[in-house]
Chemist: 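Below you will find the structure I want to go over with you.
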Amino acid sequence: MTAPSRSLLRHPDFLKLWTAETISVFGSAITQLALPLIAATTLDVTPFEFGLLTTIEFLPFILFSLPAGVWVDRLRRRPILIAGDIGRAVAIASIPVAFYFDALTIWQLYIVGFVNGILTVFFDVAYQSYLPSVVERDQLVDGNSKLEITRSASQILGPGMAGILIGVFRAPFAMLIDSLSYLVSALFLTWIRRPEPPVEAHDEAAHGPKPSMREEVAVGLRYVTGHRWLRNIAATTGTSNFFGNVVNAILILYLVDERGLGPEAIGFAFSVASIGFLVGAFTTSRLTDRFGVGRMLVASAIGFSLSNLPIAFAPDALIWPALAIGGLVGGFCSTAWNINQVSLRQAITPPRMQGKMNATMRFIVWGTIPLGAIIGGALGGIIGLQATIVVGAVGGLVAFVPVTLSSVRHIVTMPEPVDDDAAPAEMAASA
C-alpha cells in the first residue's frame, strides 16, 4: 500500500488522470459559452428555442444517470472514459463542419447538446468510480482536492479564456479547440498503466440469474438510501441544492431590479466569491488531516447553509460586500464539503457498487436543482423577488441538519469499504 506521506505530484498515473481532466474541463468552458452564443448570434432562433437548448443539455443528467451507474459497474471504467472523450470530440467537431458548409441549424445544436450530455454523464460517473483504482484510500482526499483545484480554476479562468478564443476564432470554429481537448484527454487516459481491478463476473450458481437493468438500478437506490452515511449526505446535498437554486433562479434579476447593482459590480462580486472555491480546493486536504473527516463535513455544511443569509437581509448599502462574502464562504464550504463527501463515498463503497452509488447520488442531489429553479421562478412572480430570496436563504438553513445528526460526524479518517457480502447486512442495520 502506498505510504500516506507519498505525494500525488510524484504519482505518474494520477498525474495523467489529472492532466486529462484539466484539459477536458478547460476545453468544455469553450463549449459552455460557445453553444448558446452560436444559437443567439449565428442562428435566427426564438426565445423559446434558445431556452430549450439549456433544458435539452440538462435532460441527460436526469434521464441517464441511473442507467449509467449500472453500465459503469458492468464494464471497466477507463475504456468508458476514453470512449466518452472520443464521442464528445466527434459530436462537437460536427458543429464547425456544418457551419463551414452553411448547414448548421438549431436542431443540430439540440442533438449535439443532448449527445454531449449523455457522454458527460457516463464520463463523470466513471471518473468518480475510477479514481479509487488509481490512488490509495488514504490519498482520496488529496486526489479529490487536486481535481477540485482544476474545476475551481476553470470556473475562474475558463469563461475569460473561452471569450478570448471565441472572439478570435468565432464561436463555431472555437469549438474545434474543445474537440481537440477531448482527444488529448483521451490520449492521456490511454497512457495510465496501473491495472484496473477486473470486473467480477456474475455467479449464477451463488446469486441466481443476472439481474436486469431495472433491478440493478433498484439495488443502487437501496444501497444509497439504506446506508446510514450516504443517505444523510444525499439529504444534505439535495436540500442545499434545492434551496440554493430557489435563490439562484432569480438572483441576478433581484440584484439588478431591487438592489440596484450593475453588471460590473455583480461580475466583480462573483469573481471575489470564486476565490472561495480555489482556497477550499487548496486547503481542504490539510484541514481534514487536522480536524477529521466528520468535523469537516459538519462545519462545511453549516457554512454553506448560512451563506445566502447576508444576501437576503443586508441593507442596500452593504449588498455588494454581502454578495461577495456570502459567495466566498459558500464557495469555500461547498468545495470542502464536496471533496470530503465524494472521498468518503469512494472509500466506503465496494468496487462493484461504485458506479451505481455515484450515479444514484448524482440523480438524487441533481434532481433537486431544476425543482428549486422552477419553484424559485414561480415564487418570484407570486410573492416577489425579495421574499423569494428570503425563502431560499431561510429554507437552506435546514440543509446541514441531516449530516449533523448523523454518526458521520464521528469519522476521523477514511474507513474501510463494507465487503460485498456484508453490504445487505449494513443496509439492513442502518435502515
Side-chain angles (χ1 to χ4, degrees), residues 1-6 8 128-129 131-148 220 222-241 280-306 332-354 356-358 360-362 364-365 398-431:
M1 184 173 177
T2 305
S5 61
R6 181 180 176 186
L8 287 179
Q128 289 187 336
S129 305
L131 181 62
S133 301
V134 177
V135 303
E136 305 296 340
R137 183 174 295 104
D138 53 28
Q139 296 174 308
L140 283 172
V141 171
D142 189 21
N144 281 308
S145 295
K146 287 176 168 53
L147 297 173
E148 196 65 34
R222 287 197 302 270
Y223 180 75
V224 169
T225 57
H227 196 290
R228 67 181 186 273
W229 295 337
L230 295 180
R231 68 177 174 226
N232 286 288
I233 289 172
T236 287
T237 310
T239 303
S240 176
N241 284 346
F282 274 105
T283 61
T284 294
S285 181
R286 292 192 296 273
L287 290 172
T288 301
D289 287 342
R290 180 172 181 180
F291 297 108
V293 175
R295 289 179 179 176
M296 282 295 295
L297 284 171
V298 171
S300 57
I302 292 172
F304 63 64
S305 295
L306 296 170
F332 173 84
C333 290
S334 62
T335 299
W337 166 264
N338 283 330
I339 290 171
N340 277 292
Q341 62 98 359
V342 170
S343 300
L344 178 61
R345 285 158 40 190
Q346 292 168 337
I348 65 178
T349 301
R352 74 175 184 90
M353 288 293 300
Q354 286 280 342
K356 290 188 283 290
M357 178 276 295
N358 284 314
T360 302
M361 291 291 292
R362 170 163 291 199
I364 293 172
V365 304
V398 304
F400 74 91
V401 174
V403 74
T404 303
L405 297 181
S406 166
S407 61
V408 73
R409 67 184 185 275
H410 300 304
I411 300 173
V412 178
T413 59
M414 289 298 168
E416 296 287 327
V418 178
D419 292 337
D420 286 355
D421 293 337
E426 161 66 16
M427 289 188 285
S430 59

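All residue numbers in this chain count up from 1 along the given sequence. Not measured: the values here are computed from a predicted model.
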Chemist: Over all heavy atoms of both residues, which pair between Thr349 and Gln354 is shortest? Give the atoms and the distance, please.
Modeler: O-NE2, 3.0 Å

Chemist: When rounded to the nearest 0.5 angstrom, what is the spacing between CG in Asn338 and CG in Leu147?
Modeler: 12.5 Å

Chemist: Determine the minimum heavy-atom distance between Gly226 and Arg231, stating which atoms define it.
Modeler: O-NH1, 3.6 Å

Chemist: Given Val141 and Ile339, is the side chain to side chain contact (heavy atoms under 4.5 Å, CB included) satisfied, shown in steps?
Modeler: CA-CA 6 Å; Val141 171; Ile339 290 171; 4.0 Å; yes

Chemist: Check whether any side-chain heavy atom of Gln346 lies under 4.5 Å from a side-chain heavy atom of Asn144, and answer yes or no.
Modeler: yes

Chemist: Would you kindly say whether Arg345 and Gln128 are connected by a side-chain donor-acceptor distance under 3.5 Å?
Modeler: yes

Chemist: With rounding to the nearest 0.5 angstrom, report the OG1 to CG distance, Thr284 to Asp142.
Modeler: 11.0 Å

Chemist: Under a 4.5 Å cut-off applied to non-hydrogen side-chain atoms, are Thr239 and Val401 in contact?
Modeler: no

Chemist: How long is the gap from CG on Leu140 to CG on Leu8, to the nearest 0.5 Å?
Modeler: 9.5 Å

Chemist: Hey, what do you get for CG (Leu287) to OG (Ser145), rounding to the nearest 0.5 Å?
Modeler: 9.5 Å

Chemist: Tell me whether Arg409 at atom CZ has more than 12 heavy atoms from other residues, nucleotides or ligands lying less than 6.0 Å away.
Modeler: yes

Chemist: Please find the pair of heavy atoms, one from Ala301 and one from Thr236, that lie closest to each other, and give the distance.
Modeler: CB-CG2, 4.2 Å

Chemist: With side chains defined as the heavy atoms from C-beta onward, is the minimum distance between Phe304 and Thr335 less than 4.5 Å?
Modeler: no

Chemist: Give a yes-or-no answer on whether the side chains of Ser300 and Asn340 include a donor-acceptor pair shorter than 3.5 Å.
Modeler: no

Chemist: Please tell me if the side chains of Val408 and Leu344 come closer than 4.5 Å, counting only heavy atoms from C-beta onward.
Modeler: yes

Chemist: Does Arg362 reach the side chain of Asn358, with side-chain heavy atoms less than 4.5 Å apart?
Modeler: no

Chemist: Search all heavy atoms of Val403 against all heavy atoms of Val298 and return the closest pair with its distance.
Modeler: O-CG2, 4.2 Å

Chemist: Report the residue from Thr225, Ile364, Ile348 that forms a side-chain contact (heavy atoms from CB on, under 4.5 Å) with Leu230.
Modeler: Ile348

Chemist: Of all heavy-atom pairs between Thr360 and Lys356, which one has the smallest distance, and what is that distance?
Modeler: OG1-O, 2.7 Å

Chemist: CG of Asn232 to OG of Ser407: how many Å apart, nearest 0.5 Å?
Modeler: 7.5 Å

Chemist: What heavy-atom pair brings Ala234 and Val365 nearest, and what distance separates the two atoms?
Modeler: O-CG1, 3.7 Å

Chemist: Could you measure the distance from the CG atom of Asp289 to the CE atom of Met296? Nearest 0.5 Å is fine.
Modeler: 10.0 Å

Chemist: Please examine the side chains of Cys333 and Phe400, heavy atoms only from C-beta on, and report whether any two atoms are closer than 4.5 Å.
Modeler: no

